[in-house]
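Numbers here are sequence positions counted from 1.
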Amino acid sequence: MKILDRYIITTYLKTFFSVFIILMLIFILQTIWLYIKELAGKDLDLIVIVKFLVYFMPKLIPLVLPLTILLASIMVFGSFAENYEFAAMKSTGISLQRAMSGLSVFIVILGITTFFFSNNVIPWAELNSYNLRRNIAKLKPAMAIAEGQFNPITGTDYNIKVEKKSGDRGQYLEDVTIHVKGQNGRTNNTVIKSKTGELTGAKDSNVLKLILLDGNLYQDVESNNRSARDRKPFAKSAFEKKIINIDLSNMNNVDFDEQSQTDKYNMLDVVDLNKTIDSLIKKGENEHETFSNNLQVRSGITITNEPKIARKSDKPEYLGNILDIFDTKKKLEMVEASIRTVNSSKQLISSKDVTVKNSKSWLNKHIISLHEKFALGFACIILFFVGAPLGALIRKGGIGLPMVIAILLFLTYHFIGIFATNSAKNGGFNPVLASWFSTLVMLPLGIFLTKRATADKGLFEFDNILEPIKRMFKIKEKDSVDYRFLGSLKNDELADVINNYETKGHEKAVQFEAIKVLNSRGITTNKLEENGIYLDEDFFTSEKINKNYKEHAKFAITLYNIGIILLALFFIFKNNKLQSLAEPAIQLSVVSLVLFAIYYLKSIKNTYQFYKHIKKERNKPKIALLILGLPFYVLIHLFLREKIKEDLKQNCLDSLK
């Protein structure tokens with residue numbers, strides 16, 4: 001390893017581990033704050049708390065590691081550029097790519113290590129952290145009782161529901177409902193309802209005292225005589241105050257190492273996920289086939305593959321309406337039976353639809369979990385190639401600006417991933433693409449930044465961006481020339497200005513403005529020769545290409561606006577459950593956007609033809625800009641229109657003889 005590579009890697013590793021430790025501490029504190037309610041007031045041992053943190057730390061790696069790589073890369077390479085170390089490297093013939101080569105090997109190794117970590121350590125951490133949280137929740141019933149739902153108290157026959165809790169320990173209860181299981185341990189033998197209640201108990205006692213106020217008790221009356229049970233199915237009694245002692249001796253004997261849940265998608269490695277995905281797919285296919293067979297059986301239609309044997313019959317075949325054979329009463333019975341069958345089938349299909357969606361969501365979660373293990377390693381590599389050239393371009397090290405830029409980029413990367421995976425879990429997005437989507441979004445940015453930094457160009461060429469924007473909004477400089485006086489000149493005077501602008505003390509730009517005035521008077525460029533103004537033949541070709549571009553761009557912007565408006569209407573109609581309007585809206589939107597893409601490609605083709613014809617291909621818009629700006633075509637349209645207009649103007653001036 002050369003001295004330079006050793007220096008770059010050593011500097012990077014120092015920053016990397018410092019940033020990693022700081023970010024890990026920040027996220028651990030955030031985790032403690034997030035789960036403080038589950039830990040507080042449980043008299044947990046220090047070992048249990050340490051286990052809790054150790055199990056949660058690996059789950060933070062998908063957040064901490066990409067942000068660390070991005071921030072460390074920007075800080076280190078920004079510091080190199082700020083201290084002119086890159087300038088010294090370039091003076092000796094060492095390019096940015098050569099300087100990044102040693103670190104690139106380290107990042108690739110880190111990406112591979114990250115895959116094995118996410119495949120083995122993170123599932124282990126998910127398994128242990130999930131079960132540890134469940135075991136901790138068993139310790140304090142007051143903490144285990146959530147509002148608005150039934151909460152079984154582990155080790156007892158009580159199932160408690162409260163509408164509201166209050167007090168510093170959640171001990172005061174309102175609108176309490178308690179189900180007590182019978183001797184068989186399955187049916188709810190007793191129901192107790194009270195307006196208020198309070199949980200009390202001594203510190204070291206295994207008995208929890210529940211004081212209920214102003215309520216009723218309903219208890220099933222067991223009898224072997226069926227008629228007696230029908231006459232008096234339960235007994236009811238009212239009370240002003242009732243005390244229930246709940247034995248917690250079995251509840252607090254919690255084994256924190258117990259693992260009752262082991263098959264969630266985020267607890268499995270690649271091999272287990274592949275097996276589970278195959279099983280879920282086969283299970284879904286079998287359920288679909290079984291359901292279709294059940295519907296067929298319910299319909300009463302039988303299908304047989306036995307060949308029909310033609311039989312001679314004296315009776316001719318009846319080809320009329322089948323209902324005409326029966327009388328009116330029979331017709332009504334048949335129609336009513338058919339309606340009942342159809343309605344029953346519709347209800348089955350509706351209920352099955354919910355089940356299928358849940359099964360599909362569960363399958364998608366497994367697919368996402370599988371691909372996220374691979375995507376995390378690639379994300380580390382790509383974010384390095386985003387951060388390193390970006391640091392070299394902004395030429396700023398330290399914590400300030402690099403921290404802001406890194407956080408903005410990481411939040412963009414992170415939230416894109418969250419939105420994509422959430423959509424995929426609900427079935428609105430491909431689960432495979434969702435896992436890779438944020439990484440794929442960052443890939444073009446990494447390529448663009450690496451190219452800019454390697455070519456030693458600025459982050460953006462602001463002049464190329466600002467000038468078309470100024471022309472778009474007709475923003476004039478303070479020292480700009482006012483050409484309104486040309487409107488008062490006659491045609492021959494305008495021709496004289498074009499041919500002799502220097503002798504009259506004008507700038508060259510006055511020629512184009514004078515030609516525009518002549519064009520506004522009906523004298524096209526083809527007729528300028530009649531007024532003594534001569535242009536090269538190539539300019540007429542440039543003007544023709546520009547005309548084609550304008551036509552295609554006009555269609556593109558119109559179709560784009562229609563498509564976006566219809567897409568917005570689709571979501572509005574869908575949210576308001578107007579399916580009859582939502583479906584045609586999305587169909588027309590797709591058609592409009594497809595046609596927009598066609599005309600957009602045609603306009604881009606005209607743009608490249610234009611710049612090739614005027615021999616200024618370096619001025620043509622970059623492919624990355626055209627792709628990234630596709631969702632915001634309105635801005636791209638205005639930008640390209642003004643840019644081509646300015647370049648056509650320059651071509652016109654160069655073509656004047």
Side-chain angles (χ1 to χ4, degrees), residues 448 457-458 460-477 480-481 483 486 498 507-520 523-528 533 535-561 563-564 593 595-657:
F448 171 75
K457 296 180 179 180
F460 296 107
E461 294 177 355
F462 288 101
D463 290 340
N464 291 343
I465 296 175
L466 292 177
E467 287 303 321
I469 292 175
K470 288 179 180 179
R471 292 192 296 270
M472 184 194 313
F473 295 102
K474 298 180 180 180
I475 301 174
K476 295 184 177 180
E477 302 290 342
S480 60
V481 181
Y483 295 106
L486 295 173
I498 293 170
E507 296 180 353
K508 189 174 180 60
V510 76
Q511 293 179 300
F512 186 76
E513 299 298 330
I515 291 174
K516 283 172 60 178
V517 174
L518 290 172
N519 290 339
S520 66
I523 301 174
T524 61
T525 50
N526 294 323
K527 298 179 181 179
L528 289 176
I533 303 167
L535 292 166
D536 290 337
E537 292 295 329
D538 287 344
F539 175 73
F540 300 118
T541 305
S542 303
E543 196 174 40
K544 183 179 179 181
I545 296 173
N546 179 55
K547 183 179 179 181
N548 292 335
Y549 164 78
K550 285 183 176 180
E551 290 178 356
H552 293 147
K554 182 179 179 181
F555 279 113
I557 190 65
T558 303
L559 291 167
Y560 173 84
N561 290 331
I564 294 298
L593 291 176
L595 292 174
F596 151 70
I598 294 172
Y599 279 100
Y600 178 65
L601 292 174
K602 286 185 176 183
S603 66
I604 297 304
K605 181 182 178 182
N606 296 142
T607 303
Y608 278 65
Q609 287 176 343
F610 174 78
Y611 283 106
K612 183 178 181 180
H613 179 74
I614 66 174
K615 299 178 181 178
K616 290 184 179 180
E617 293 190 67
R618 60 185 179 84
N619 288 351
K620 65 184 180 183
K622 300 291 188 293
I623 291 290
L625 176 65
L626 297 174
I627 295 174
L628 294 175
L630 190 59
F632 310 100
Y633 177 67
V634 174
L635 297 177
I636 292 295
H637 171 75
L638 297 173
F639 173 77
L640 287 178
R641 187 184 67 183
E642 294 300 322
K643 182 176 175 59
I644 293 175
K645 180 180 177 181
E646 184 65 21
D647 290 329
L648 181 67
K649 170 185 174 181
Q650 187 60 45
N651 182 244
C652 177
L653 296 176
D654 295 338
S655 301
L656 283 168
K657 297 179 181 179

| request: Test side-chain contact (heavy atoms from CB on, under 4.5 Å) on I644 and Y611 and set out the steps. | output: CA-CA 9 Å; I644 293 175; Y611 283 106; 4.0 Å; yes
| remark: Rounded to the nearest 0.5 Å, the CZ atom of F555 sits from the CD1 atom of I598 at a distance of 12.5 Å
| Shortest non-hydrogen separation from I564 to L593 and the atoms involved | N-CD2, 4.4 Å
| note | Minimal heavy-atom distance between A553 and S603, with the atoms involved, is N-CB, 4.1 Å
| Just wondering, do E551 and K547 contact through their side chains at under 4.5 Å, heavy atoms? | yes
| Say you draw a straight line from CD of E543 to CZ of F610; how long is it, rounded to the nearest 0.5 Å? | 10.0 Å
| Partner set under side chain to side chain donor-acceptor pair (under 3.5 Å) for S542, not counting sequence neighbours | H613, N651
| Rounded to the nearest 0.5 Å, how far apart are OG1 of T558 and OH of Y599? | 10.5 Å
| task | Grab the two heavy atoms, one from A556 and one from F596, that are nearest each other, plus how far apart they are. | result | O-CD1, 3.2 Å
| said: For the CG atom of N546 and the OG1 atom of T541, what is their distance to the nearest 0.5 Å? | reply: 12.5 Å
